[in-house]
Amino acid sequence: MPNSPEISISRRGVLAGSAASAVIAATTAGAAQRAAPATLAPLPAPAPQPMPVSLTVNGKVQRLSLDPRTTLLDALREHLHLTGTKKGCDHGQCGACTVMVEGVRINSCLSLAVMHEGDTITTIEGLGTPDKLHPMQAAFVKHDGYQCGYCTPGQICSAVAVLDEIKRGVPSHVSVSLTDHPQATNIEMRERMSGNICRCGAYSNIAEAMAEIAGENA
Amino acid sequence: MKAFTYERAGSAADAAAKVASTPNAKFIAGGTNLLDLMKIEVETPQHLVEVNGLGFDKIEATPEGGLRIGALVRNTNLASDARVRRDYGVLSRAIVAGASGQLRNKATTAGNLLQRTRCPYFYDTNQPCNKRQAGSGCAAIGGYSRQLAIIGTSDACIATYPGDMAVAMRVLDAQVETIDARGQARVIPIADFHRLPGTTPRIETALAPGELITAVTLPKPIGGQHFYEKVRDRASYAFALVSVAAVIQKDGSGRVALGGVAHKPWRVEAAEAQMPAGSRAVAAQLLAGARPTRDNAFKVPLAERTLAAVMNEARAA
């Protein structure tokens, strides 16, 4: 697809067309008249200079040369071919892109790779392998914590990190006391997992998988 | 995303000077809001100056008995700090009421203060928006405005400030420390930090071009019971329709600020004198002059009732 200008142009045309009809539907006539007049097209921006970036991903040092626009997610998927981490919304709303940076979960779609020079990153591929599953991966299988599986790598990375956050005493919106150590209750886990959306609705089974691991670690 | 050049700043003064002297340059730290907006080309910086390496990532006691929060302290780390949880509970509560765990791990204290409105017309580049493009008009006025502001609005803009953290900082009388392109430091009271839209909704804060936030300081603890009550369309991970940050003392006196109702955290100190008289009297003064739209008129009684719930809880404790 990236090598096929015809396809990409026609696809863009379709998108532009649908955006335009959405505007007609949503805009009042008055608002449309108030819109700013069209200006001359700006000069094309100079081609971005690639920047060197060094990351330690799943224990392996990776040296890359990247357009500064490259998100951490795209660096992992498109440049390192670690496609376990998924692109869902690409706007930090769905959590499918969740990875751990220096042991802390973040949305890799809302971070530039160049912001992670020297950082240690763990993706789903670094948590376990098909032959040696991480305990959370095994618990997701046992408790049927997914259907289509698209959100699952993000869910599992988040689940592992959530139990660590509870262990470190990070409070949540549902913590009754701010000064007592939080417990890995169902309501705590559900609140802390709210940044990971599952379109198949496997939430209750995900919470059960987490409860099993939380119990083992208690 | 539009192409940009990128560099890492060596010092705060260096960062401020670079952003001030480079056309269309911006600071980047957590990036969770800026990159979101760059992807849809609401933000189109040509140069980014990364400030993550500047070391403003500590929370330190001040000689006055308060706390100095480095601009780069991540939201999770601020909400989890034992001193904040003990002495400034409203701040911990406000932070964990916002965003998701992943975002709070990345977002910074300064970036949270500077987050942009979630007005849907600001996000839609096919729509007029005076905040995005000066003079283009406001599609929100007469448009879909359920989430938008009810007070302090103007004929140019009815957007809300979307954050939770700053609402708590407003009741705590926090101060924002900055450094400018000449290396000059200054302190901005949080009350003066965010602006009302007026005729220039593009200008959202008191910061000058290139001025960099270095820290937020909290005065010494004021005691009392701390509350952050947020009402939203989902139980988690949603912006406030209305939120109430409050610190209430045993004698019924206290401080109150509202989120989700205005272009800035909304506090009217004079209204707090009404606290012994009850939530209705406080809300009447706090929201005097409100100009809600048909879509968001519900926010006026909702704010009063949320405040009533908080004050009842304080009395019951």
Side-chain angles (χ1 to χ4, degrees), chain A residues 19-20 22-23 26-28 30-36 44-49 51 67-69 71 90-93 95 97-98 101 104-112 114-115 117 154 157-158 161-162 165 168-175 177-179 190-197, chain B residues 1-6 8 28-36 38-40 46 48 50 52 74 76-77 79-80 82 84-86 89 92-93 95-106 121 124 126-128 133-139 141-144 226 230 234-238:
Chain A
V23 171
T27 317
T28 63
Q33 280 161 9
R34 288 200 305 273
Q49 293 296 310
M51 285 183 70
D67 180 322
R69 288 175 288 187
T71 60
D90 209 24
H91 286 278
Q93 298 175 3
C97 68
T98 304
V101 176
V104 169
R105 61 177 171 148
I106 68 164
N107 299 112
S108 61
C109 75
L110 283 187
S111 209
L112 297 172
V114 290
M115 289 159 64
E117 174 64 31
C157 284
S158 217
V162 160
E165 286 167 14
R168 287 190 283 118
V170 173
S172 89
H173 176 59
V174 297
S175 303
S177 162
L178 280 178
T179 46
R190 292 174 75 97
E191 159 62 24
R192 291 166 192 265
M193 292 294 286
S194 72
N196 291 82
I197 310 299
Chain B
M1 200 186 295
K2 298 277 191 206
F4 55 83
T5 47
Y6 189 90
R8 300 182 184 98
I28 188 165
T32 52
N33 192 197
L34 179 59
L35 289 168
D36 185 29
M38 285 168 66
K39 287 183 182 192
I40 56 172
Q46 289 170 302
L48 289 181
E50 191 200 320
N52 284 314
R74 308 290 150 168
T76 298
N77 296 344
S80 307
V84 175
R85 284 187 282 148
R86 185 189 63 210
S92 264
R93 288 280 181 211
I95 291 170
V96 296
S100 67
Q102 290 97 315
L103 290 167
R104 294 191 296 267
N105 283 340
K106 195 79 174 68
Y121 301 96
D124 184 347
N126 293 306
Q127 298 273 7
Q133 191 176 3
S136 62
C138 173
I141 296 173
Y144 179 76
H226 289 227
K230 181 174 179 179
R234 302 189 291 228
S236 183
Y237 198 15

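Just so it is clear, the values below take in all heavy atoms, side chains as well, and ignore hydrogens, waters and symmetry mates. Just so it is clear, the structure is predicted and the values come from calculations on it, not from any experiment.
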Region of [X] in contact with chain B, defined by heavy-atom distances below 4.5 Å:
X	value
A/T179	both
A/M115	both
A/T71	side chain
A/D90	both

- A/N107 (side chain) donor-acceptor with B/Q102 (main chain) under 3.5 angstrom: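 No, the answer is negative, given that no donor and acceptor are paired below the 3.5 Å cut-off.
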
- Could you tell me whether a side-chain N or O of B/R8 sits under 3.5 Å from a main-chain N or O of A/V114, the two making a donor and an acceptor?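 Pair found, side chain donor or acceptor close to backbone of A/V114.
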
- Query: Is the shortest heavy-atom distance from the side chain of A/S194 to the side chain of B/R234 under 4.5 Å?
  - Reply: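 A/S194 vs B/R234: side chains apart.
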
- Item | Side chain to side chain, B/K106 and A/S111, heavy atoms closer than 4.5 Å |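 Result yes, sub-4.5 Å side-chain heavy-atom pair found.
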
- Where do A/Q93 and B/D36 land on the side-chain hydrogen bond (donor to acceptor under 3.5 Å, both in side chains) test, with the steps shown first? CA-CA 10 Å; A/Q93 298 175 3; B/D36 185 29; 5.3 Å; no

- Task: For the pair A/E165 and B/N105, evaluate side chain to side chain contact (heavy atoms under 4.5 Å, CB included) and give the outcome as yes or no after the intermediate values.
- Result: CA-CA 10 Å; A/E165 286 167 14; B/N105 283 340; 3.1 Å; yes

- Task: Could you pull out the closest heavy-atom pair between A/E191 and B/S236, with the gap in Å?
- Result: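 In terms of heavy atoms, the two residues are closest at OE1-OG, 2.9 Å.
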
Please classify the contact between [X] and chain A as side chain, backbone, both or neither, with a heavy-atom cut-off of under 4.5 Å.
X	answer
B/L34	neither
B/L48	side chain
B/A82	neither

